[in-house]
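Counting begins at 1 with the first residue of the sequence. Computed from a predicted model, the values in this text were never measured in an experiment.
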Amino acid sequence: QGDEFGLLLGIGVYGQQGENNGAFSLGQRNETKGYGYTVDASFEFGGASLFFAWFHHYVDSPTLVLNWYGTVAQASIYVTPKLELFARHEYSWVDLHLDQGVSELDIATVGFNYYFEGHDVKLTADCAVAIYQLDSVFTADIAGFRPDLDGVWPQFVFRTQLQVLF
């Protein structure tokens, strides 16, 4: 709290090509190509912040071609020197080029960070809701989201984490 305005900008890119492991192609293509990029911006207001990010990944393999896009927007504010509240929105979509349409992810999250000893010990807790029904493209056990049963959603996830820096 009380710091001067700060602006952080970032960009990242990658590209790769690899052979499929031990694939005997018989004249068929067996490599996988991919590229991606991300751009982000963080605005720091001395006790409050705004963060925005955009990404795109493209994968072209013998069995699958996909375009994966996504956005993240987050706002946070310190209400005391040790307690920070935040809200985040994540939206992503994947075009699998299989005439099956587009898979979408739409998650809203609210939570808090509590700092015990500066930033060396931090407790984070949040609650997230998946606004659309989740399919296997967007599920991740580590984030708490699992595939939805047909017709059963929204999915709520409650998470907590204790982070210790030493």
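For the atom pair Thr160 OG1 and Phe112 CZ, the distance stands at 6.5 Å (nearest 0.5 Å). For the atom pair Lys122 NZ and Gln163 CD, the distance stands at 4.5 Å (nearest 0.5 Å). To the nearest 0.5 angstrom, Leu8 atom CG is 6.0 Å from Glu44 atom CD. Residue Tyr37 holds its OH atom at 9.5 Å from CD1 of Ile11, rounded to the nearest 0.5 Å. In this structure, the separation between NZ on Lys33 and OG on Ser61 is 11.5 Å, given to the nearest 0.5 Å.
The two residues Phe156 and Cys127 come nearest to each other via the heavy atoms CD2-SG, 4.5 Å. Considering all non-hydrogen atoms of both residues, Glu90 and Val72 come closest at CG-CG2, 4.2 Å. Contact between Leu50 and Ala75 at its shortest, heavy atoms only, is CD2-CB, 3.6 Å.
Between Phe45 and Phe5, the distance separating the two ring centers is shorter than 6.0 angstrom. Ring-centre distance between His57 and Tyr14: below the 6.0 Å cut-off.
Two residues are said to be in side-chain contact when any heavy atoms from C-beta on lie closer than 4.5 Å; Tyr132 and Tyr91 meet this criterion. Contact annotation: the side chain of Thr109 never approaches that of Gln74 to less than 4.5 Å [non-hydrogen atoms, C-beta and beyond]. Between Trp68 and Phe55 there is a side-chain heavy-atom pair separated by less than 4.5 Å. Using a 4.5 Å heavy-atom threshold, the side chains of Leu162 and Val121 count as touching. Residues Tyr78 and Tyr115 have side chains in contact (heavy-atom distance under 4.5 Å, counting atoms from C-beta outward).
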side-chain contact (heavy atoms from CB on, under 4.5 Å) assessment of Asp95 paired with Leu66 = CA-CA 6 Å; Asp95 182 356; Leu66 69 83; over 6 Å; no
Run the numbers on Trp54 and Phe52 for side-chain contact (heavy atoms from CB on, under 4.5 Å), then give the verdict.
-> CA-CA 7 Å; Trp54 162 266; Phe52 302 97; over 6 Å; no
Take Thr32 and Val59 through the test side-chain contact (heavy atoms from CB on, under 4.5 Å) and record every step on the way to the result.
-> CA-CA 7 Å; Thr32 298; Val59 176; 4.1 Å; yes
Should Val65 and Tyr58 be marked as a side-chain contact (heavy atoms from CB on, under 4.5 Å) after you check the CA-CA gap, both sets of side-chain angles, and the distance that decides it?
-> CA-CA 8 Å; Val65 176; Tyr58 173 79; 3.8 Å; yes
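Classified by interplanar angle (parallel below 30°, tilted 30° to 60°, perpendicular above 60°), the ring pair His56/Tyr35 is perpendicular.
Taking hydrophobic clusters as Ile, Leu, Val, Met, Phe, Trp and Tyr residues chained together by side-chain heavy-atom distances below 4.5 Å, Leu9 shares a cluster with Phe43. Under the 4.5 Å side-chain heavy-atom criterion for Ile, Leu, Val, Met, Phe, Trp and Tyr, Leu123 and Leu83 are members of the same hydrophobic cluster. No continuous path of ILVMFWY side-chain contacts below 4.5 Å connects Leu105 to Ile131, so the two sit in separate hydrophobic clusters.
A donor-acceptor pair is defined here as one N or O able to donate and one able to accept, closer than 3.5 Å; no such pair exists between the side chain of Ser76 and the backbone of Leu85. Side chain of Lys82 to main chain of Phe116: a donor-acceptor pair is present (N/O by atom type, distance under 3.5 Å, no hydrogens or angles).
With 3.5 Å as the limit, one finds a donor-acceptor pair spanning the side chains of Thr124 and Asn113.
Remark: Asp126 engages Arg159 in a salt bridge, criterion side-chain N to carboxylate O under 4.0 Å.
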